[in-house]
Amino acid sequence: MNWTQVSYLYDGSLAGFLTCVFEAYTHREEPADFTPFDQACASFYAQRSVETDRAKAQRVYRSLEAKLGKTGKDWLLRGFLTCLPDRELWLWCFLRLGYKRGPGFTRDLTHPVVNQVHKAVQALSSEAHLFTGFVRFSQLEGVLVGTITPKNRVLPLLRIHFCSRLPQEQFLLYDKTHQEALVYTPGRWAILPMEDLEIGPADQEELAYRKMWRSFYHTISIEGRYNPKCRMTHMPKRYWGDMTEFAPPEQEALAE
């Protein structure tokens, strides 16, 4: 018997997605698409609103490692953080394949679903790794503040790195793309939605440190080895907008 195709509306959270998975198996429904409530639009398929149910989401979550294996579970959870187009549909197909074939299915990288999810998770991990070196914090009224513009939702991956590197600091790292922030005080952290971040003017001490960092960056460069293509390979241009060393020259004058 074929499953009925349905368009799911949900809150856009991981728990909401897992609740949709529970409902799909319970009602034998094949999701045609997954759409957050705030992006709802007309659909050719019957639409069903699914309210997040923590108990149902937990039942699906507890099944993941047994059905998909440790690797499959990790790829599914990280896959939800990626910018993969039609992410939920790919993850739904990935989950169904794992339920059908068992933990070893992640080794089949020739399968289009496994390959697509694997590549998306690799891109997420690579981007998060680059940000561990590309994030620039400024000291503003006793708090370290930084901004990033990632493609993927990298804050959950960056949390472990920065909370362990800066255990005695207070910091805020704002993701402009997804409008959320990692907020940390010693011993406590949270990732919170934040529509916008207005950063006040830096004091003279902070401006002086920025100037020194830019001066250091330019001083250690070797003119004879200048290779812009190589630099953009190791430091893609899309990261430059949030990095102190690439700030507009007029900011240096403020520290004079």
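Side chains are part of it too, since the values below use all heavy atoms of this structure and drop only hydrogens, waters and symmetry mates.
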Notebook entry, point to check: In the hydrophobic clustering (ILVMFWY, side-chain contacts below 4.5 Å, transitive), which residues join Met212, or is it alone?
Noted result: Tyr209
Notebook entry, point to check: Is atom NZ of Lys67 surrounded by more than 12 heavy atoms (other residues, nucleotides or ligands) closer than 6.0 Å?
Noted result: no
Checklist line | Thr244 side chain reached by Tyr217 side chain, heavy atoms, under 4.5 Å | finding: no
Margin query: Contact between Arg78 and Leu157 at the side-chain level, heavy atoms closer than 4.5 Å - yes or no?
Written below: yes
Next item on the list: Starting at CG of Leu95, measure out to OG of Ser63 and round the result to the nearest 0.5 Å.
Entry: 6.5 Å
Item checked: Separation of Asp53 CG from Glu23 CD (nearest 0.5 Å) -> 7.5 Å
Notebook entry, point to check: Would Tyr99 and Leu68 count as a side chain to side chain contact (heavy atoms under 4.5 Å, CB included) if you check the C-alpha gap in whole Å, the side-chain angles of each, and the deciding distance to 0.1 Å?
Noted result: CA-CA 6 Å; Tyr99 274 18; Leu68 311 184; 3.9 Å; yes
Check: Which distance, rounded to the nearest 0.5 Å, do you find between the CG of Leu109 and the NZ of Lys119?
Finding: 10.5 Å
Check: By the rule that ILVMFWY residues connect when side-chain heavy atoms come within less than 4.5 angstrom, directly or transitively, which residues belong alongside Phe37?
Finding: Leu9
Item checked: Flag side-chain contact, heavy atom, 4.5 Å: Leu81 against Val154 -> no
Check: Can you find a pair of side-chain heavy atoms, one from Phe80 and one from Glu88, that are under 4.5 Å apart?
Finding: yes
Note to self: A quick test of your reading: do over 12 heavy atoms of other residues, nucleotides or ligands sit less than 6.0 Å from CZ of Arg59?
What the structure shows: no
Margin query: How long is the straight-line distance from NE2 of His129 back to NE2 of His161, given to the nearest 0.5 Å?
Written below: 9.5 Å
Check: Going by the angle between their ring planes, with limits at 30° and 60°, are Trp240 and Phe246 parallel, tilted or perpendicular?
Finding: parallel
Checklist line | Verdict with supporting geometry, Phe34 and Leu89, side chain to side chain contact (heavy atoms under 4.5 Å, CB included) | finding: CA-CA 7 Å; Phe34 295 82; Leu89 279 178; 3.9 Å; yes
Notebook entry, point to check: Under a 4.5 Å side-chain heavy-atom rule over Ile, Leu, Val, Met, Phe, Trp and Tyr, are Leu207 and Phe216 clustered together?
Noted result: no
Note to self: Suppose clustering is done on Ile, Leu, Val, Met, Phe, Trp and Tyr with side-chain heavy atoms closer than 4.5 Å. Which residues sit in the same group as Leu172?
What the structure shows: Leu140, Val143, Val145, Tyr174, Val183, Leu192, Met194, Leu197, Ile199
Next item on the list: Measure the shortest side-chain to side-chain distance between Thr19 and Tyr10 over non-hydrogen atoms and say whether it is less than 4.5 angstrom.
Entry: no
Check: Quick one: are Leu158 and Thr132 in side-chain contact, heavy atoms under 4.5 Å?
Finding: yes
Notebook entry, point to check: Taking all non-hydrogen atoms of both residues, which atom of His178 and which atom of Asp175 are closest, and how far apart?
Noted result: ND1-OD2, 2.8 Å
Next item on the list: Assess whether ring pair (Phe, Tyr, Trp, His ring centres under 6.0 Å) is satisfied between Tyr25 and Trp92, documenting all intermediate values.
Entry: CA-CA 11 Å; Tyr25 272 94; Trp92 161 253; 5.6 Å; yes
Margin query: Can you see whether Ser138 engages Arg210 through a side-chain donor-acceptor pair at a distance of less than 3.5 angstrom?
Written below: yes
Check: Of all heavy-atom pairs between Gly16 and Thr52, which one has the smallest distance, and what is that distance?
Finding: CA-OG1, 3.3 Å
Notebook entry, point to check: How far does CZ of Arg136 sit from CZ of Phe131, to the nearest 0.5 angstrom?
Noted result: 11.0 Å
Note to self: Between Lys73 and Leu77, does the side chain to side chain contact (heavy atoms under 4.5 Å, CB included) criterion hold? Intermediate values first, please.
What the structure shows: CA-CA 6 Å; Lys73 175 185 176 181; Leu77 299 180; 4.0 Å; yes
Item checked: cation_pi(Arg48, Tyr8) dist<6.0 Å, angle<=45 -> no
Notebook entry, point to check: From Leu97 CG over to Asp108 CG, what is the distance, rounded to the nearest 0.5 angstrom?
Noted result: 7.5 Å
Next item on the list: Pick out which of Trp189, Phe137, Phe162, Phe171 makes a ring-ring contact (aromatic ring centres under 6.0 Å, His included) with Tyr184.
Entry: Phe171
Next item on the list: State whether the number of non-hydrogen atoms from other residues, nucleotides or ligands found under 6.0 Å of Tyr61 atom OH is greater than 12.
Entry: no
Margin query: I need the minimum non-hydrogen distance between Phe94 and Thr106, along with the two atoms involved.
Written below: CZ-CG2, 4.2 Å
Notebook entry, point to check: Nearest heavy-atom pair of Cys83 and Lys151: which atoms, and what distance?
Noted result: CB-O, 3.3 Å
